[in-house]
Structure formats: C-alpha cells, structure tokens
Amino acid sequence: MRKACWLPAAVFVFAAVSSQAADVHWSYTGESAPGHWGDLDPAYEMCAKGVNQSPVDLTGFVEAELDPITFHYTGLATEVVNNGHTIQANYTSGSTIEVAGRIFQLKQFHFHSPSENTINGQSFPLEAHFVHAAEDGSLAVISVLYEIGRENDALARLWRQMPTEAGKKAAMASQVTARDLMPEDRDYYRFNGSLTTPPCTEGVLWLVLKQPLTVSKAQVDEFAHVMHHPNNRPVQPLHARPVLR
C-alpha cells in the first residue's frame, strides 16, 4: 500500500475557450462524434492527442491510503438545463468538498447514459458527474454510478423538471440537493483524467464512488428519450495511469 500523492491539475475556465471554439458543433453521433472531436477545432486537439483522457475502464487497481472526501454541501440546485448534450443542474455557491488538503466548490452536476466510466469492463445505465472547481480553476469530478433497480426519488423530482427541448432551462420548483443523489458510503476510486467533452482538458481529479445507487429502467428510458441518443464518450486508454483505491 502506498500513500496517495496529489495528482496534477490543469486550470480550466468555465467560459468558452474561445468564441470560435464555442461555436464549433460537436455531438455524440455522425461526423462530429467523439472519434472526430480532435479534428473539429484546434482548441479540441487534446481530445485526440491527450494521454490522460477520460472516461476510463477502472481496472488494475493500486491499493493506496486515500484521504476521505470531506463534504460541506449546504446548497440546492437552482436551475436545470437541457444543453443538447446532457441534462445539467446548476448549483448555488458555497457547497464544497475537501480532499487531499484542497477545497473545491460544487458548480453543477449532469448525467450520461450509458455510463462513461466502467469498472472492470462493466458499464452502468446511468452516471452522474458532480463538477467542482478550486480557486485556481483546477477541477475535481465526483462520479456516481447507477444500476437498474428501485426508482430513484431524487432523480424523479429532477426529471419532472427537466426541459425536453435542447437549449431550454427551468428554475427548480422542487428541491433537489447533491446529497440526495449520492450514496451514504463515500469510498472511492481515484485517477487523473480529463473533461469528457470538448475541449477534453486534462489535469482533472476524478473521484468515482464505489457504491452505486439504483435507478428504474423507466427513468433511464425517460432520460434517453430526451437526449435522443446515448451521450457517453467511449472509454480512453489508461496508459501508465494508476487507478487508486
């Protein structure tokens, strides 16, 4: 067993990388699908050339003394957005996590179906990404995986409010918190990766919670109907990166 060291993080600004890049169409299907992202714009070159890309198949685990994630979640989701790529819930300021001595503030969470990350080759029907940013702009993403089972009450509240048309958003009429969408057991896997959408910026700290939650097949089907197609980037090569647990 080895002590986990801090993984490097790159600065990422939530605004568009450039106005030109922001106008470049990318998608999960056709000529602008993930396999072509790196060719769509120079700002997206990491999607093709990066060696620490996400998502990954979590396998070949390395035992490590991982510090627990300390949660200081106090806020609520303020609005839910259909941006054409996912359903995203934006969050009030002030909710943070602390991990390995660093503090990250929760900015938003969003969903992918099927899951982007896999575990020992196993895919899951749904995955949530909770995106956090530190003061220097570095990112940490907590991933929660969902398996088919009992209907998820928190997702039911969120799904009732999600816009069905791309480009639309809605204020949250009923309360949904990030805590509602996470398991009680916060043990996690850790690896260094990237954003899973263009510009595929690397240096993102990934924290994948080990315990999955349940979601009903009907809830997965409802999300898929709104998205019209799967919205997951295929897994990327691990190369020499360790997956710590």
Side-chain angles (χ1 to χ4, degrees), residues 1-17 46 50 52-56 58 61-81 86-112 116-117 127-145 154 158 172 175-197 199-213 241-245:
M1 181 179 296
R2 69 183 187 185
K3 182 69 176 178
C5 61
W6 179 255
L7 298 173
V11 172
F12 173 75
V13 179
F14 280 91
V17 172
M46 289 301 292
N52 293 315
Q53 290 288 292
S54 296
V56 301
L58 283 76
F61 301 105
V62 175
E63 300 295 334
E65 297 176 13
L66 293 175
D67 294 327
I69 306 170
T70 302
F71 288 82
H72 300 285
Y73 281 176
T74 59
L76 300 167
T78 58
E79 64 179 4
V80 58
V81 180
T86 188
I87 296 298
Q88 175 177 309
N90 296 324
Y91 219 73
T92 54
S93 62
S95 291
T96 64
I97 60 169
E98 183 175 355
V99 59
R102 302 194 67 183
I103 296 175
F104 298 84
Q105 182 170 188
L106 176 62
K107 297 295 185 178
Q108 50 97 340
F109 56 85
H110 61 268
F111 301 88
H112 297 273
E116 296 201 300
N117 293 295
E127 180 176 3
H129 292 165
F130 298 80
V131 181
H132 303 73
E135 288 187 357
D136 65 0
S138 57
L139 297 181
V141 179
I142 293 179
S143 164
V144 174
L145 300 164
L158 187 62
M172 298 292 290
Q175 294 185 356
V176 177
T177 73
R179 284 187 178 275
D180 296 336
L181 294 163
M182 289 188 176
E184 292 184 6
D185 186 345
R186 305 291 172 78
D187 285 347
Y188 63 97
Y189 306 107
R190 173 174 157 176
F191 70 95
N192 192 31
S194 72
L195 300 176
T196 65
T197 59
C200 305
T201 308
E202 295 189 342
V204 178
L205 176 64
W206 279 86
L207 310 165
V208 180
L209 300 190
K210 294 179 180 180
Q211 180 184 349
L213 292 178
R241 286 177 288 172
V243 178
L244 307 181
R245 68 176 178 182

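- Within the 4.5 Å cutoff, the side chain of L66 has no heavy atoms near those of the D187 side chain.
- Residues that satisfy the side-chain hydrogen bond (donor to acceptor under 3.5 Å, both in side chains) test with T177, not counting sequence neighbours, are D180.
- Counting heavy atoms from C-beta on, the side chains of L244 and F61 never come closer than 4.5 Å.
- The cationic group of R245 does not satisfy the cation-pi geometry with Y188, failing either the under 6.0 Å distance to the six-membered ring centre or the 45° limit from the ring axis.
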Exercise. Where do L205 and N192 land on the side chain to side chain contact (heavy atoms under 4.5 Å, CB included) test, with the steps shown first?
Worked result: CA-CA 5 Å; L205 176 64; N192 192 31; 5.6 Å; no

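- Listed by chain and residue number, H132 satisfy the side-chain hydrogen bond (donor to acceptor under 3.5 Å, both in side chains) test with Y73 (two or more places apart in sequence, or in another chain).
- By the salt bridge (Lys or Arg N to Asp or Glu O under 4.0 Å) test, R241 is found to be paired with no residue, residues two or more places apart in sequence or in another chain being considered.
- The line from CZ of F111 to OG1 of T86 is 7.5 Å long, rounded to the nearest 0.5 Å.
- The side-chain heavy atoms of L145 and L209, taken from C-beta on, include no pair separated by under 4.5 Å.
- Heavy atoms only, all atoms of each residue included: T74 and G94 are closest at OG1-O, 3.8 Å.
- Among residues two or more places apart in sequence or in another chain, the side-chain contact (heavy atoms from CB on, under 4.5 Å) test is passed with T70 by H72, E98.
- One finds a salt bridge joining D136 and R102 here, because a Lys/Arg side-chain nitrogen approaches an Asp/Glu carboxylate oxygen to under 4.0 Å.
- S194 approaches C200 most closely through the heavy-atom pair CB-O, 3.6 Å.
- Taking CD1 of I103 as the reference point, atom CD1 of I97 lies at 10.0 Å (rounded to 0.5 Å).
- Taking 4.5 Å as the limit, some side-chain heavy atom of I142 sits within range of a side-chain heavy atom of M182.
- When all heavy atoms of A154 and V176 are compared, the pair lying nearest together is O-CG2, 4.2 Å.
- At least one side-chain heavy atom of I69 sits less than 4.5 Å from a side-chain heavy atom of L207.
- In plain terms, the two heavy atoms of F71 and R179 that are nearest each other are O-NH2, 3.7 Å.
- With sequence neighbours excluded, the residues forming a side-chain contact (heavy atoms from CB on, under 4.5 Å) with N117 are P55, V56, L58, E127, H129, S143, F191, W206, V208, listed by chain and number.
- K107 forms no cation-pi arrangement with Y91, by the criterion of a distance under 6.0 Å to the ring centre and an angle within 45° of the ring axis.
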Exercise. Going through the checks in order, is the side chain to side chain contact (heavy atoms under 4.5 Å, CB included) test met by V131 and H110?
Worked result: CA-CA 8 Å; V131 181; H110 61 268; 3.7 Å; yes

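- N90 is linked by a side-chain hydrogen bond (donor to acceptor under 3.5 Å, both in side chains) to E79, Q88, counting only residues two or more places apart in sequence or in another chain.
- Side chain of T92 to main chain of L76: a donor-acceptor pair is present (N/O by atom type, distance under 3.5 Å, no hydrogens or angles).
- Under 3.5 Å, the side chains of T96 and Q105 contain no donor-acceptor pair of N or O atoms.
- Shown here for A178 and L106, the closest heavy-atom pair between the two residues is CB-CD2, 3.7 Å.
- Within the 4.5 Å cutoff, the side chain of S54 has no heavy atoms near those of the V204 side chain.
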